[in-house]
Student: 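Following this message is one structure expressed as structure tokens.
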Amino acid sequence: MHIYLDESGNLGYSDKSSKYFLIALLVTKNHKSIDNCIKRIRQRKLKKKFKEIPELKFNNSDEIIKKLILKCIANREANIYYILLDKRKVSNKSATTKTEFYTYLNGFLISQILEEKENIELIVDKSLTREKREEFNKYIKDKIIDKLKSKVNIRVEHKDSKEDKCIQAVDFVAGAIFSKYEFNKDIYYNIIQSRIKQEVIFREE
């Protein structure tokens, strides 16, 4: 099983920070079909002057490209899970340990969806430092093993999104869901809604 992870928003609490922070997972057993969504749209729908762009991203794409990619993902055998943090309902005490809090949210979300004992490959955009990546990997593995109560085969990879089209795909998924909450714009969310299997709204106890 392949799990692709991306986030939208930020964990800051300044006047310019987002109201929400979102982590989305795109889960599939056939990652090549997701990969082909990005490939086909790059080849057939992008204007020639844009074909050299190293990667497709939700925030930099026009409405047509966004809809095409999301419709393609919605027609594939893939499930979507996400955790939403409404920062207005969570104190900013976590802002001092953003990396740890980010890792905790990821582990919490992933542990909620795993029920089968199978091989798991988690692919994350390569953004953390080497030290933080190692901490992230250990925490995620420990969290999943604790959830499944048995030894599982899990591999965590941190890849450059320019080189992995499925990471680009989950960027569109995260962007679509984030737009619904942050900007009250659900036109993109509605396209993939049928693929959303679980949402987790994170609140402080």
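Fair warning: this is a prediction, and the values are worked out from it, not measured in the lab.
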Student: Just to verify, what does Glu163 make a side chain to side chain contact (heavy atoms under 4.5 Å, CB included) with, not counting sequence neighbours?
Tutor: Asp160

Student: Counting only heavy atoms from other residues, nucleotides and ligands, does the tally under 6.0 Å from NZ of Lys19 exceed 12?
Tutor: yes

Student: On a heavy-atom basis, which atom in Gly12 and which in Ser17 lie closest, and how many Å separate them?
Tutor: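 What the structure gives for the nearest pair is C-OG, 3.2 Å.
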
Student: Drop me the distance from Phe178's CZ to Leu22's CG, to the nearest 0.5 angstrom.
Tutor: 7.5 Å

Student: To the closest 0.5 Å, what do you measure between CG (Leu25) and CD1 (Ile3)?
Tutor: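 It comes to 6.5 Å.
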
Student: What pairs of residues pass the ring pair (Phe, Tyr, Trp, His ring centres under 6.0 Å) test when at least one of them lies in residues 26-46, not counting sequence neighbours?
Tutor: His2-His31

Student: Are Lys132 and Glu135 close enough for a salt bridge, meaning some N to O gap below 4.0 Å?
Tutor: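 Here Lys132 pairs with Glu135 in a salt bridge, since their nearest N and O are under 4.0 Å apart.
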
Student: If I take atom CD1 from residue Ile23 and atom CG from residue Asn106, how far apart are they, to the nearest 0.5 angstrom?
Tutor: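 Between atom CD1 of Ile23 and atom CG of Asn106 there are 4.0 Å.
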
Student: Which of parallel (below 30°), tilted (30 to 60°) and perpendicular (above 60°) describes Tyr20 and Tyr181?
Tutor: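 Rings of Tyr20 and Tyr181: tilted, as their planes differ by 30° to 60°.
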
Student: What is the distance from atom CG of Leu84 to atom CD1 of Ile201, rounded to the nearest 0.5 Å?
Tutor: 4.5 Å

Student: Return the CD1 to CG distance between Ile191 and Leu68, rounded to the nearest 0.5 Å.
Tutor: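 One gets 9.0 Å once the value is rounded to the nearest 0.5 Å.
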
Student: Please answer whether the main-chain N or O of Ala74 pairs with a side-chain N or O of Arg195 as donor and acceptor at a distance below 3.5 Å.
Tutor: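 Yes: the side chain of Arg195 pairs with the backbone of Ala74.
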
Student: Any idea which heavy atoms bring Tyr188 and Leu70 closest together, and the distance?
Tutor: CB-CD1, 3.6 Å

Student: Give me each pair satisfying side-chain hydrogen bond (donor to acceptor under 3.5 Å, both in side chains) with a member in residues 57-66, each pair once, sequence neighbours excluded.
Tutor: Glu63-Lys67

Student: Please confirm whether the backbone N or O of Asp164 pairs with a side-chain atom of Lys159, one donor and one acceptor, at under 3.5 Å?
Tutor: no

Student: Enter the distance from Ile38:CD1 to Ile73:CD1 here, rounded to the nearest 0.5 Å.
Tutor: 6.0 Å

Student: How about Tyr139 and Val156: do any of their side-chain heavy atoms sit closer than 4.5 Å?
Tutor: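 They are not in side-chain contact.
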
Student: For Tyr189, which residues count as a ring-ring contact (aromatic ring centres under 6.0 Å, His included) partner, sequence neighbours excluded?
Tutor: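 Residues passing ring-ring contact (aromatic ring centres under 6.0 Å, His included) with Tyr189: none at all.
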
Student: I want to check a possible cation-pi pair here: Lys87 against Tyr13, using under 6.0 Å from ring centre and within 45° of the ring axis as the test.
Tutor: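 Lys87 over Tyr13 ring: yes.
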
Student: Does NZ in Lys126 sit with more than 12 non-hydrogen atoms of other residues, nucleotides or ligands closer than 6.0 Å?
Tutor: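 Open.
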
Student: Measure the shortest side-chain to side-chain distance between Ile80 and Val27 over non-hydrogen atoms and say whether it is less than 4.5 angstrom.
Tutor: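 No, side chains not in contact.
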
Student: With Tyr81, which residues qualify under ring-ring contact (aromatic ring centres under 6.0 Å, His included), at least two apart?
Tutor: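 Expected list: none.
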
Student: Indicate every side-chain donor-acceptor pair of residues 165-177 with a distance under 3.5 Å to a residue at least two apart or in another chain.
Tutor:
from	atom 1	to	atom 2	distance (Å)
Gln168	OE1	Leu56	N	2.9
Gln168	NE2	Ser161	O	3.0
Asp171	OD2	Phe58	N	2.7

Student: Return yes if some donor-acceptor pair links the side-chain N/O of Thr28 with the main-chain N/O of Glu77 below 3.5 Å, else return no.
Tutor: yes

Student: Should the heavy atoms of other residues, nucleotides or ligands under 6.0 Å from CZ of Arg88 be counted, would the total exceed 12?
Tutor: yes

